[in-house]
Amino acid sequence: MEVFDGLALGFATALTITNLSYCLLGVFLGTAIGVLPGLGPAATIAILLPATFALPPVTALIMLAGIFYGAQYGGSTTAILVNLPGETSSVVTALDGYQMARQGKAGRALATAAIASFFAGTVCTFLIALFAPPLTEIALKFGPAEYFSLMVLGLIASIVLASGSILHALGMIIIGLLLGVVGTDVNAGTQRFTFGFLELADGIGFVIVAMGIFGIGEIVANLENEGTRDVSIKTVSGLMPTREDWRRMVAPVLRGTALGSVLGILPGGGAALASFGAYALEKKVSRNRAELGKGAIEGVAAPEAANNAGAQMSFIPMLTLGIPANPVMALMIGAMIIQGIQPGPSVIKEQPALFWGVIASMWIGNIMLLVLNLPLIGLWVRMISVPYHFLYPSILAFCSIGVLSLSNSPFDVYLMALFGFLGYVFKKLDCEPAPLLLGFILGR
Amino acid sequence: MARWITSPRDFWTGLIYVGLGAGGLWLALDYKFGTVGRMGPGYFPRVLAVILIAIGLVSLFRAFSSKGEPVTHIAIKPLLMIVGAIVAYGLLVHTAGLIVALLVLILMGAAGSSQFRFDVKAIVGMVLLVAACSAVFVKGLGLPIPLVGPWLQPLLGVLGTVR
Amino acid sequence: MQTNRRALLALCGSALASFVAISTSPVTAQTWPDKPITFVNPFAAGGGTDAFARPLAAELTKQLGQSVIIDNKGGAGGTLGAGVAARAAKDGYTFFVGAVHHTIAPSIYAKLTYDLEKDFEPIAVVAMVPHVVVVNPAKVQAKSLKELIEFAKANPGKLSFGSAGNGTSHHLAGEMFKALTKTDLQHVPYKGAGPMMQDLLGGQIDMAFDGLGSSASQIKGGKIVPLALAAKERSSAVADVPTSAEAGVAGFEASAWYGVWAIAGTPKEIKDKMAAEIAKALKAESIGSVWAAQGAKIGPVGADMAAFVKSEIENWGKIAKGANVKIE
């Protein structure tokens, strides 16, 4: 019954007025930066780190965690509304989510994303509470051979992502893998495909490729024939999912959650693969698989559940071992150190209130996100119904500032312009960008 | 477009794939290949480049053997304006500062649309957008981007003395 | 419309003319700082230096009454950001947060866009974290450094050590160890210290020369076993771990360290003031606890730092050359 004592302690910790308000502040900030393309949780948490000095350790971590998973929620909002995936995980959501938005179902897509994320978040909170230590042991057993198998699996899944020509999709995967090669080779220290640019020595940032190919490419595509074609959103039909939608989303959400939980505990690329994997799975098993890629609700529900599950589970190695699975977790470890807490295997025993408090706050934060996001849907939908030629300059501005926030380098801005150009060319040739991005993730 | 190319999209895609593959292969020849057991830094890129060339060739073959969709009208003006606007922004943001860079980005970007009118409504919207971006990103989040860059710093001095 | 545009152009033109004519006013040390100060951190957010630079910047902000902003310009093992910082204005509003990496870089990179000793002027080494020899107890039975060396000599090339990447201090500390003990260990580079620790705990690699900061908690948790500290003195963070000399490998000393430099040409008054402010900040209670948790000590300042940087460049250069470590 240790777990229930732990959870009781956790809720007692998380439910104080202070912790609740900082949790709310965290998820609110997270949603905001998730919505703004390019600006990621890592940069935001780094900036806010000194501000957490004055807070008690639990409160600081609760807020920072809120920013992280709040950003996952917010990231899917822009992916659905304007085809602009701000986070790795929301690329897949953009595929069907944006199509739904163009068919006037933006509200239903956003609600589905929020509900799927909430469900996955709830399940994972309890998975972490019940099984965190044993799950850590499993993750540690993952060696090079297992990673290689996972990568092969990912490559197979990426072909399934294609809704058009398989041949062209294969080519896009290879181009993605080649883009992933750009940078310094880990083993030999050779700089590959950097053309002598130091800026490329660490590889190309995912956000730059995604914003360029998806976001900028989409803007240009929308501007062609705008006189004859209405690019703005059709009359919005309902903000909430219909009974039929609910029925259709149950199975994908369950499958996505399961897949996301498994992949999320793996360090490194695990969480990023989750949403791609979930989408590929739907393409294989869903009853409505023919509709996927054309605005199917399954294509939003499954990857959103998977990415939120993955994000939540990536806390496990950080909480149980003090090992960061991603830069955000590295910053949270920094926050703990600043607070005088030594992150590591002893945290559960020595700081039970911190460990359980953060876990309990994740569930509370997920409720807050649901409550916060559902009413916002109406506002979002109204925002994208303004004429497109007023909307897209703001998207351009947000992208350009966001990409600059990565490493404050104009070089990244030029790269985004280049990928925007490529994105439009590929679009004209029916070469889909999603397989390229998955290849890119796998190749890094 | 020549008549014997029956599937133009396959043709152009094939051409791009072969071109990128060949370029990649040429660059990757400089990196050590190694062996299958101990792969050098050139192993993976060269294998990938060869596969890409092969896919491109199949696509080119299909361009002459099967019937496919034509490439629809290419929006040259929006493409150049948008890409150009982003490049201009990149050039200006650290020199003239964020405010000027954003103004240029928004004006040039917006001019890519055939619906663009330089009227009061557009100006008000633009000013509001620039103000909001400056307030949120620089003042609020503290991103280290200069609002007014070194090129325009002296101008601030002038304004300061006037005041 | 046409007239509007013309008016706008005219306005731009006159504005241009007016500011070209007026020169910038010189910086005065008396009023410094009267605007925010930027610390260029050449590593990405969440990377090595952040854990020290962010708390320091927060403390300095409190003391100076002006915000000290950390500008993360990551890339190319810290050399990209260093190159950018080297070209920054020398008005006392930009400083550079460098690290041990920058003393290794000159010997492993074919060319650099800056010269650490000429483009920057040392202010203070703010934190030094010794490396520690750690092994996975499930993979390596050795209970002492001596046993480890015996095992390695009996089984050349069998033991593998992880590093945070090619040419990092983790890697070169390993090469230094190999040269000093005449052993043959296999190097396995990772993309950072986090993934490396993951594989060390999982037994994918046998040992590592990890920074004490990230190892201390794992050592306390009993997941990895420390054999020696690569430093002259023991650390209070892991008091029972012997120094390298005590364990029988005298001269095996390697630290990950982080320092603040001014841009060459910064007015002396400002440099002195910054040095005093940093010294004061490092005494603050909030900083003390952060440093202690990571086993970090404060290093040499001013001219001592310049000498230290020089010796580091030489020492790492010898090791890199001996082991033929290069980034091309």
Side-chain angles (χ1 to χ4, degrees), chain A residues 32-33 36 39 43-44 47 165 167-168 170-171 174-175 177-178 181 185 187-190 192-193 195 216 219-227 387-390 392-394 396-402 404-405 408 410-414 416-418 420-421 424-426 428-431 443, chain B residues 9-10 12-13 16-17 20-21 24 27-28 31-32 39-42 44-45 48-49 51-52 55-56 58-59 62 69 71-75 78-79 82-83 85-87 89-91 93-94 98 101-102 105-106 109-110 112-116 125-126 129-130 133 136-137 141-145:
Chain A
I33 58 155
L36 295 170
L39 198 67
T44 313
I47 290 164
S165 159
L167 184 76
H168 289 187
L170 269 174
I174 306 284
I175 295 176
L177 285 167
L178 277 169
V181 166
D185 173 41
N187 287 307
T190 309
R192 301 186 288 193
F193 300 144
F195 302 94
I216 308 297
I219 290 176
V220 179
N222 280 338
L223 289 182
E224 66 182 46
N225 316 324
E226 57 183 331
Y388 194 71
H389 63 277
F390 281 120
Y392 82 83
S394 347
L396 267 182
F398 290 143
C399 282
S400 303
I401 299 177
L404 206 63
S405 76
N408 201 4
F411 187 84
D412 291 344
V413 178
Y414 306 141
M416 183 177 76
L418 174 70
F421 177 82
Y424 179 68
V425 171
F426 284 140
K428 294 307 290 184
L429 296 171
D430 268 349
C431 295
Chain B
R9 286 188 186 182
D10 277 320
W12 291 112
T13 307
I16 291 174
Y17 284 4
L20 285 175
L27 287 170
Y31 316 136
K32 287 194 193 84
M39 289 185 217
F44 198 48
L48 287 176
I51 297 175
L52 187 60
I55 294 172
V58 175
S59 189
R62 278 211 319 206
E69 304 262 315
V71 180
T72 48
H73 161 76
I74 292 174
L79 181 63
I82 300 276
V83 171
I86 299 171
V87 172
Y89 164 86
L91 288 170
V93 70
H94 278 171
L98 183 68
L102 274 180
L105 172 78
I106 294 165
S113 164
S114 56
Q115 314 278 311
F116 173 65
M126 187 172 76
L129 184 59
V130 173
C133 285
V136 171
F137 292 99
L141 282 164
L143 290 182
I145 307 173

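Looking at B/Tyr17, its side chain never comes within 3.5 Å of a backbone N or O of A/Ile175 through a donor-acceptor pair.
Between A/Lys428 and B/Thr72, the closest heavy-atom pair is NZ-OG1, 2.9 Å. B/Ala110 and A/Pro393 make their closest contact through CB-CG, 4.1 Å (heavy atoms, listed as atom of the first residue, atom of the second, distance). Summarising the geometry of B/Leu105 relative to A/Ala397, their closest heavy-atom pair is CD2-CA, 3.6 Å, with the distance given to 0.1 Å.
For A/Leu404, the part sitting under 4.5 Å from any heavy atom of chain B is the side chain, from C-beta outward, and nothing else. At a 4.5 Å heavy-atom cutoff, the contact between B/Leu79 and chain A is made by backbone and side-chain atoms alike. Contact of A/Phe193 with chain B is made through backbone and side chain together, with heavy-atom distances under 4.5 Å. Only the side chain of A/Leu36 comes within contact range of chain B, judged by heavy atoms closer than 4.5 Å. Only the side chain of B/Ile16 comes within contact range of chain A, judged by heavy atoms closer than 4.5 Å. Of the two parts of B/Leu52, the backbone and the side chain both hold a non-hydrogen atom closer than 4.5 Å to a non-hydrogen atom of chain A. Heavy-atom distances place the side chain of B/Leu98, and not its backbone, under 4.5 Å from chain A. Only the side chain of B/Val93 comes within contact range of chain A, judged by heavy atoms closer than 4.5 Å. With a 4.5 angstrom heavy-atom cutoff, B/Leu129 touches chain A only via side-chain atoms.
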Worksheet entry | Test log, rule side chain to side chain contact (heavy atoms under 4.5 Å, CB included), inputs B/Ile106 and A/Leu396 | CA-CA 7 Å; B/Ile106 294 165; A/Leu396 267 182; over 6 Å; no
Discussion item. Please determine whether side chain to side chain contact (heavy atoms under 4.5 Å, CB included) holds for the pair B/Ile74 and A/Glu224, giving the CA-CA distance in whole Å, both sets of side-chain angles, and the decisive distance to 0.1 Å.
Written reply: CA-CA 7 Å; B/Ile74 292 174; A/Glu224 66 182 46; over 6 Å; no
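Between B/Phe137 and A/Phe398, the angle of the ring planes lies from 30° to 60°, which puts this pair in the tilted group.
Contact check for A/Arg192 versus B/Pro45: side-chain heavy atoms found under the 4.5 Å cut-off. Side chains of A/Tyr392 and B/Ile82 form a contact here, defined as non-hydrogen atoms less than 4.5 Å apart.
Note that CD of B/Glu69 is 7.0 Å distant from CG of A/Asp430, once rounded to the nearest 0.5 Å.
If you tally non-hydrogen atom pairs under 4.5 Å between each of A/Phe195, A/Phe421, A/Tyr424 and chain B, the highest count goes to A/Tyr424.
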